[in-house]
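Report on the structure given below.
Numbered from 1 within each chain, the chains take letters A, B, ... in sequence-line order.
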Amino acid sequence: MKSLKNIFRLIGLYFKVNLASAMEYRGSFLLQAFGMALSNGSFVFFWWIAFQQIDGTIGGYDFRDVMFIWAVTSSAYGVSNILFANMNAITRLIVSGELDTFLVQPKDTLINLLCARTTLSAWGDLAYGFILMIFTHGSDAGAWGMFLIAIVIGGLLMTAVCVSAHTLTFYFGDASLVGGMAMEFMINFCIYPEGIYRGFVRVIMLSVIPTSFIVHIPLKLARNFHPGWMAALVAVSALYCCLAYRFFYKGLRRYESGNLLITRL
Amino acid sequence: MKAVGKYITVLRISLQNAFVYRSNVLGGFVFYIMFMFVFFNLWRAIYKSGEVAGYSLVQMVWYLCMTELIMFGCRTGVFFQMNEDVKSGSIAYQLNRPYHYVLYQFFNALGGMIFNLLLYGLMAIVIGMIMVGPIPGFSFSTLPYSLISIVLGMCINFFFLMALGLTAFRLEDNTAFYLIYQKLVFMLGMFIPVEFLPGWLQTITRYLPFSYMTWAPARLIVAFSWELFWAVVPVQLLWLTVSFVLTMGMYRYGVAGIQAHGG
């Protein structure tokens with residue numbers, strides 16, 4: 001319990017430091033966040049055109065449903081890249097030997113490593129999800145409740161998938177391509193209706209790349225809440241994160257230091 | 001002739017480089033297949049209610065194969081290269097070399113674009129055939145004309161990206177412009193054919209360059225007609241001229257402000 005408290009404390013401290021550092025370059029920070037939000041916004045246009053072409057739903061989702069999964073995906077991605085942006089750099093840190101720096105520090109190596117960097121444009125992703133929810137779901141309390149829960153669960157699951165993919169570097173060498181692919185697959189399976197996929201892909205979405213738990217099950221719960229499904233969602237997500245955490249530390253045992261001397265500024 | 005010869009040499013070397021480092025496209029292939037898989041599933045779900053705005057599902061899938069081909073073919077990183085050259089100051093080292101910087105960058109990227117076009121072109125054909133089969137009414141005799149349009153579309157995109165990259169001479173952070181440009185290309189032709197847009201937007205789109213990068217060549221591939229060819233290719237040539245002149249202007253304006261202090 002104490003260790004969990006320490007982890008949250010470390011995440012909080014890194015968040016403060018990273019935010020203060022971002023605020024030193026306010027212009028760049030705001031421009032990047034605004035650019036990202038605008039960039040995401042263009043996809044509303046795509047879906048508007050797509051739904052104009054037909055009368056009804058696409059893959060079982062209507063326009064509001066698609067906007068919900070977009071909002072959750074965008075904000076969850078924002079959360080993971082604001083708090084744990086270094087997840088995308090794990091392979092580079094392992095291959096270059098920069099991991100040594102984190103190993104000698106008296107903190108949880110994985111958490112310390114993940115939180116050490118933030119992405120400025122991710123604030124735009126986070127804000128975009130909220131803006132989309134305001135415009136498409138207004139004061140729908142149920143949808144807002146599930147949205148807030150889903151961005152926390154989604155942010156953690158996205159990080160867990162990315163960590164797992166990059167951890168393969170310990171076993172097979174440079175896994176940056178696998179890491180990039182995992183993130184791309186995850187986002188692409190998140191932002192389109194679940195019903196457009198069949199068979200094997202649906203199995204993947206419920207297991208290796210758990211996008212169903214990031215957006216599609218939260219959408220079902222927002223439409224029609226069920227405590228059993230909610231409990232299953234939280235339990236599976238927690239299990240996935242724990243497995244990713246354990247997988248990283250198992251892989252870490254194979255790491256060999258190159259005695260690289262670097263300075264963290 | 002000598003002036004042209006050096007650029008041909010640059011092109012030859014960049015083409016050789018592209019073939020030597022051919023495994024670099026492996027990651028691109030995976031992403032190309034993934035995007036096509038997602039879009040195929042999406043449009044198949046949309047087409048459950050019948051034909052949409054004059055495109056059959058087969059035409060739509062081939063249309064996307066072609067627009068993605070053009071975008072993957074254009075992956076030269078020219079925008080980021082310009083940013084890097086300008087911000088790091090390395091552009092200063094290239095000013096006194098016996099070539100024009102803009103033309104050098106173009107021919108240096110052209111090798112990669114030709115290589116991408118060949119490899120992703122094969123990939124597009126394989127994916128299109130597996131997903132939906134051949135394009136109805138397609139004739140190989142018109143393919144060279146469609147290819148002209150594809151190459152023009154790629155060149156227009158290249159020069160606009162280069163012009164955007166060169167804004168780094170005057171702007172500290174120009175990434176937002178890149179993101180906005182990219183989304184305009186996506187939405188005005190790449191993901192959605194122009195025919196799907198509302199009437200008022202179609203009118204505006206025809207006066208902008210974005211649809212001539214992806215929509216025009218892809219439409220020629222899936223439904224070739226001479227009327228369309230003569231309607232779009234002259235406009236593509238016009239936009240190519242505009243983008244080239246704009247790039248040269250941006251370059252001259254930027255270079256005029258360079259201050260070199262030795263070192």
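Contact of B/Y181 with chain A is not made at all, since no heavy-atom distance falls under 4.5 Å. Contact annotation for B/V30: only side-chain heavy atoms (C-beta onward) come within less than 4.5 Å of a heavy atom of chain A. At a 4.5 Å heavy-atom cutoff, the contact between B/L197 and chain A is made by backbone and side-chain atoms alike. For B/F35, the part lying near chain A is the side chain, with the backbone staying farther off; criterion is any non-hydrogen pair under 4.5 Å. For B/L42, the parts lying under 4.5 angstrom from a heavy atom of chain A are both the backbone and the side chain. Proximity to chain A is absent for every atom of B/F177, based on heavy atoms less than 4.5 angstrom apart. Of the atoms belonging to A/F46, heavy atoms from both backbone and side chain fall under 4.5 Å from chain B.
Summarising the local packing, CZ of A/F135 is surrounded by 12 or fewer heavy atoms from other residues, nucleotides or ligands at distances under 6.0 Å. Residue B/Y207 qualifies as open at atom OH: its count of foreign heavy atoms under 6.0 Å is 12 or below.
Within the 4.5 Å cutoff, the side chain of B/F39 has heavy atoms near those of the A/Y192 side chain. Residues A/I49 and B/P198 have side chains in contact (heavy-atom distance under 4.5 Å, counting atoms from C-beta outward). Residues A/Y197 and B/V38 are in side-chain contact: their nearest non-hydrogen atoms beyond the backbone lie under 4.5 Å apart.
Per-residue counts of heavy-atom pairs under 4.5 Å with chain B were compared for A/W48, A/F185, A/F51; the largest is that of A/F185.
Annotation: the span from B/I192 atom CD1 to A/W47 atom CH2 amounts to 10.5 Å, rounded to 0.5 Å. How far CH2 of B/W43 is from CD1 of A/I58: 7.5 Å, rounded to the nearest 0.5 Å.
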Given the rule in the side chain to side chain contact (heavy atoms under 4.5 Å, CB included) test, do A/I196 and B/R44 qualify, once you have shown the distances and angles that lead to the verdict? CA-CA 8 Å; A/I196 69 168; B/R44 190 176 56 184; over 6 Å; no
Evaluation steps, side chain to side chain contact (heavy atoms under 4.5 Å, CB included), between B/Y47 and A/I54: CA-CA 8 Å; B/Y47 270 82; A/I54 53 157; over 6 Å; no
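Taking every heavy atom of both residues into account, B/A45 and A/G59 meet most closely at CB-N, 4.2 Å.
Using cut-offs of 30° and 60° on the angle between ring planes, the pair B/F191 and A/F43 is tilted.
Judged by distance alone, the side chain of A/E184 and the main-chain N or O of B/F31 form no donor-acceptor pair under 3.5 Å.
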